[in-house]
Amino acid sequence: MKGAMLRSIQSSLRRGNSASSSAHLLRRGFSSESAPERKVAVLGAGGGIGQPLALLMKLNPLVSKLALYDIAGTPGVAADVSHINTRSEVAGYMGDEQLGQALEGCDIVVIPAGVPRKPGMTRDDLFNINAGIVKSLCTAIAKYCPHAIVNMISNPVNSTVPIAAEVFKKAGTYDEKKLFGVTTLDVVRAKTFYAGKAKVPVGGVDVPVVGGHAGITILPLFSQATPKANNLSDEDITALTKRTQDGGTEVVEAKAGKGSATLSMAYAGAVFADACLKGLNGVQDVVECSFVQSSITELPFFASKVRLGKNGVEEVLGLGPLSDYEKQGLESLKPELKSSIEKGIKFVNQN
């Protein structure tokens, strides 16, 4: 029973969010025997997202070494997940003096570190704390594993990705193909909500989500959703869009101020890291939405479909045909996204 459950979780992660055209290939994936050695670090592994993310990465057969890092508590998390009978060797690292060891030799660094927004905390409070954490972690990445792929989960992603880019530029290590803002949770939500409303099986659903990763900057393209649902009205699409944009708030309110989206975010982070590993390993046609350096709009960073490969981003894909409602949403989100990007850049230059 337990073995079947483990295989089922691994198989759902392998299927992940990728375009349906590649589902067959991805399910075949790599057996752990033939998969290359890959080291993945989770920075912030003791937290609400970090712990379930550590568990999910331990279940991934493409990971051979798993480094878990946080300012406290990581030896316990590492000991716990290390007992799971899967391929990867797990090591826990704690405090500034062990950060270098955690990062050395990494292929992928996933960063869920930071604090969630608590009741009474302004977005600026959150920004100042998390921006500082991201800046110091990225300074260490530039030093210890400058060629690693970086998956940024720490909020606000619309600002933390530009912060990382500026830190790497100053260190002379910036490679725009290897820096990703993880927006997969928006896609996961859009698929779930769409499937529920359209009454189609969620496993076969794909919905691109573009823009950014907060509020109105999140733009699900339901006009491009597959399978097509002709039973949805304009009001349904508006409601689905709003629900996708407000998904985080929905969870915060349901947890009555005692937490935010940790489990679904860990799942989304694991799906995206899995896609990056497949790309590194040469699996063809791995396509995910992500917030990356981009020229498909006038903004320097933008989330859209990205083809992943051995160098990280192989190709940033265009937006495709948009409905009038989506065109309007795109124009509405740009000023807010622009200001979040500029805020991140300014933070690094002033600190």
Side-chain angles (χ1 to χ4, degrees), residues 6 9-10 13 37-117 126 129-145 148-155 157 160-161 164 179-182 184-185 259-277:
L6 175 61
I9 294 169
Q10 288 175 340
L13 270 177
E37 298 282 309
R38 295 287 179 209
K39 180 179 175 183
V40 175
V42 177
L43 307 186
I49 297 167
Q51 290 199 38
L53 180 58
L55 167 66
L56 292 169
M57 295 318 295
K58 178 70 175 109
L59 297 183
N60 190 315
L62 302 182
V63 180
S64 58
K65 280 191 177 153
L66 182 59
L68 304 179
Y69 172 82
D70 213 321
I71 50 171
T74 12
V77 179
D80 198 353
V81 297
S82 73
H83 294 177
I84 295 169
N85 58 323
T86 55
R87 176 191 184 201
S88 54
E89 293 170 16
V90 183
Y93 301 93
M94 196 166 72
D96 291 347
E97 63 288 348
Q98 294 189 345
L99 179 53
Q101 281 173 274
L103 291 172
E104 272 166 357
C106 275
D107 295 285
I108 297 180
V109 180
V110 188
I111 311 181
V115 297
R117 190 152 65 111
L126 179 75
I129 297 167
N130 287 354
I133 291 169
V134 164
K135 182 170 178 269
S136 65
L137 292 175
C138 288
T139 303
I141 290 167
K143 182 176 177 183
Y144 293 105
C145 56
I149 283 176
V150 176
N151 290 357
M152 184 68 68
I153 292 173
S154 304
N155 268 326
V157 166
T160 55
V161 169
L179 176 61
F180 297 91
V182 180
T184 313
L185 182 52
S260 57
T262 53
L263 301 173
S264 51
M265 183 61 247
Y267 169 75
V271 165
F272 190 74
D274 180 63
C276 290
L277 285 162

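Under the side-chain contact (heavy atoms from CB on, under 4.5 Å) criterion, Asn151 pairs with Ile108, Val110, Ile149, Phe180, Val182, Phe272, Ala273, Cys276, sequence neighbours left out. Take Glu37 and apply the salt bridge (Lys or Arg N to Asp or Glu O under 4.0 Å) test, not counting sequence neighbours, and it matches Arg87. Under the side-chain contact (heavy atoms from CB on, under 4.5 Å) criterion, Ala78 pairs with Leu68, Val90, sequence neighbours left out. Taking Tyr69 as the reference, nothing meets the ring-ring contact (aromatic ring centres under 6.0 Å, His included) condition, with sequence neighbours excluded. Evaluation of the side-chain hydrogen bond (donor to acceptor under 3.5 Å, both in side chains) rule for Asp107 yields Arg38 as partners, not counting sequence neighbours. Every side-chain hydrogen bond (donor to acceptor under 3.5 Å, both in side chains) that Thr262 has, sequence neighbours left out, goes to Lys255. Checked against side-chain contact (heavy atoms from CB on, under 4.5 Å), Ile129 has the following partners two or more places apart in sequence or in another chain: Val115, Met121, Ile133.
When all heavy atoms are compared, the tightest approach of Ala261 to Ser264 is CB-OG, 3.7 Å. The two residues Ser88 and Lys65 have their closest heavy-atom pair at CB-N, 4.3 Å. The two residues Thr86 and Lys58 have their closest heavy-atom pair at OG1-O, 2.6 Å. When every heavy atom of Val134 is checked against every heavy atom of Ser154, the shortest pair comes out as CG2-CB, 3.7 Å. Between Cys145 and Val109, the closest heavy-atom pair is SG-CG2, 3.8 Å. Of all the heavy atoms in Ile111 and Cys138, the pair that sits closest is CD1-SG, 4.4 Å.
The CG atom of Asn60 sits 11.5 Å away from the CG atom of Leu55 when rounded to the nearest 0.5 Å. Note: Leu53 CG to Leu263 CG = 11.5 Å, rounded to the nearest 0.5 Å.
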Using a 3.5 Å cut-off and no angle test, enumerate the donor-acceptor pairs between side-chain atoms of residues 39-50 and protein atoms at least two apart in sequence or in another chain.
unit_1 : atom_1 : unit_2 : atom_2 : d
Lys39  : NZ     : Gln101 : O      : 3.3
Lys39  : NZ     : Ala102 : O      : 3.1
Lys39  : NZ     : Glu104 : O      : 2.6

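Using modelled atom types, no side-chain atom of Thr74 and backbone atom of Gly92 make a donor-acceptor pair closer than 3.5 Å. Within the 3.5 Å criterion, the main-chain N or O of Asn155 finds a donor-acceptor partner in the side chain of Asn130.
Among residue pairs with one or both ends in residues 132-145, none qualify as side chain to side chain donor-acceptor pair (under 3.5 Å); sequence neighbours excluded.
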